[in-house]
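Only one structure is covered here, and it is reproduced in the block below.
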Amino acid sequence: MAQKAFPHRIMIRLDGARYGRLKEESMSHGYQVAVVQRWLLLPRSVDDLYPGSLDGDADTLMRRPMPSGSATGRREGRPCRNVYLTEAEYELVTRAAMRKGVLRSVYVGRCIEEQIDMADNMGWPLPEGITNESVDAEARRMLLELEERGQRDNGQQQP
């Protein structure tokens with residue numbers, strides 16, 4: 001069985017106006033919306049990532065509580081959008097969400113909203129040459145840097 005390029009899906013709520021701007025600007029720069037979405041999710045620094053182990057606690061911490069089933073407290077009518085991620089991007093998002101102490105979906109939704117608002121204010125300065133491969137490669141590079149930093153820190157602490 002072939003491995004999927006984007007095996008992870010995160011559902012977010014994003015209003016139509018923001019999504020419209022994202023789509024318009026992505027297309028005007030010659031990019032697919034999904035590529036720009038995933039590029040917007042890349043943290044600016046490895047310092048924004050949770051450095052510890054993801055074994056055990058990450059899945060528990062990232063699970064949403066089961067909804068009560070009552071009609072009270074229903075969400076506003078913002079449409080759900082799917083964001084598909086590679087293995088490396090998913091780990092990066094997990095680590096960034098854990099660093100901020102929020103769920104993956106909350107992190108992804110807030111991050112994309114904030115990045116769209118900033119891009120609107122800055123005139124959408126998207127770099128040239130964003131591809132699925134370049135976004136995934138940057139995610140892998142950041143994870144490798146985080147791992148190497150952890151190894152250096154552990155080596156300095158041992159006698």
One pair to check against side chain to side chain contact (heavy atoms under 4.5 Å, CB included): Val93 and Val83. What are the steps and the verdict?
CA-CA 11 Å; Val93 164; Val83 178; over 6 Å; no
Verdict with supporting geometry, Asp120 and Arg18, salt bridge (charged side-chain N to carboxylate O under 4.0 Å, His left out)
CA-CA 10 Å; Asp120 277 340; Arg18 276 193 181 106; over 6 Å; no
Among residues at least two apart in sequence or on other chains, which ones pass side chain to side chain donor-acceptor pair (under 3.5 Å) with Glu24?
Arg21
Any chain of hydrophobic side-chain contacts (each under 4.5 Å) joining Leu143 to Phe6?
no
Does the side chain of Pro79 reach to within under 4.5 Å of the side chain of Arg13, using non-hydrogen atoms?
no
Supply the atom-to-atom distance Leu126 CG to Ser28 OG, rounded to the nearest 0.5 angstrom.
7.5 Å
Under the rule for side chain to side chain donor-acceptor pair (under 3.5 Å), what residues qualify as partners of Arg140, not counting sequence neighbours?
Asp136
Show, in sequence, the C-alpha distance, side-chain angles and deciding distance for Leu85 and Arg38, and conclude whether the side chain to side chain contact (heavy atoms under 4.5 Å, CB included) test is met.
CA-CA 7 Å; Leu85 303 171; Arg38 292 176 26 253; 3.9 Å; yes
Quick one: pull up CG in Asn82 and CZ in Arg9 and give me the separation to the nearest 0.5 Å.
4.5 Å
Show the nearest heavy-atom pair for residues Leu22 and Trp124, with the distance to one decimal.
CA-CH2, 3.9 Å
Is a donor on one side and an acceptor on the other found under 3.5 Å between the side chain of Arg95 and the backbone of Leu49?
no
Run the side chain to side chain donor-acceptor pair (under 3.5 Å) test against Arg141 and tell me which residues pass, sequence neighbours left out.
Glu138, Glu145
Transitive ILVMFWY side-chain link Val35 to Leu92, under 4.5 Å:
yes
Other hydrophobic cluster members with Met27, side-chain heavy atoms of Ile/Leu/Val/Met/Phe/Trp/Tyr under 4.5 Å, chained?
none
Derivation and outcome, side chain to side chain contact (heavy atoms under 4.5 Å, CB included), residues Val108 and Gln37
CA-CA 9 Å; Val108 170; Gln37 272 181 333; over 6 Å; no
Glu113 CD to Asp15 CG distance, which is reported to the nearest 0.5 Å
6.5 Å
What one should report as the nearest heavy-atom pair of Ile10 and Ser105 is CG2-CA, 3.7 Å
If you look at every heavy atom in Ala119 and Pro125, which pair is closest and at what distance?
O-CD, 4.4 Å
Rounded to the nearest 0.5 Å, how far does NZ of Lys100 lie from SG of Cys111?
8.0 Å
Sorted by chain and residue number, the side chain to side chain donor-acceptor pair (under 3.5 Å) partners of Arg81 (sequence neighbours excluded) come out as none
So ring-ring contact (aromatic ring centres under 6.0 Å, His included) across residues 8-32, not counting sequence neighbours, yields His8-Tyr90
Between atom CD1 of Ile116 and atom CG of Leu14, what is the distance when rounded to the nearest 0.5 Å?
5.0 Å
Are Val46 and Glu147 packed together at the side-chain level, in the sense that at least one heavy-atom pair is separated by less than 4.5 angstrom?
no
Supply the atom-to-atom distance Ile12 CD1 to Tyr107 OH, rounded to the nearest 0.5 angstrom.
12.0 Å
Side-chain contact, heavy-atom cut-off 4.5 Å: Glu87 with Pro7?
yes
On a heavy-atom basis, which atom in Ala5 and which in Thr86 lie closest, and how many Å separate them?
O-CG2, 3.4 Å
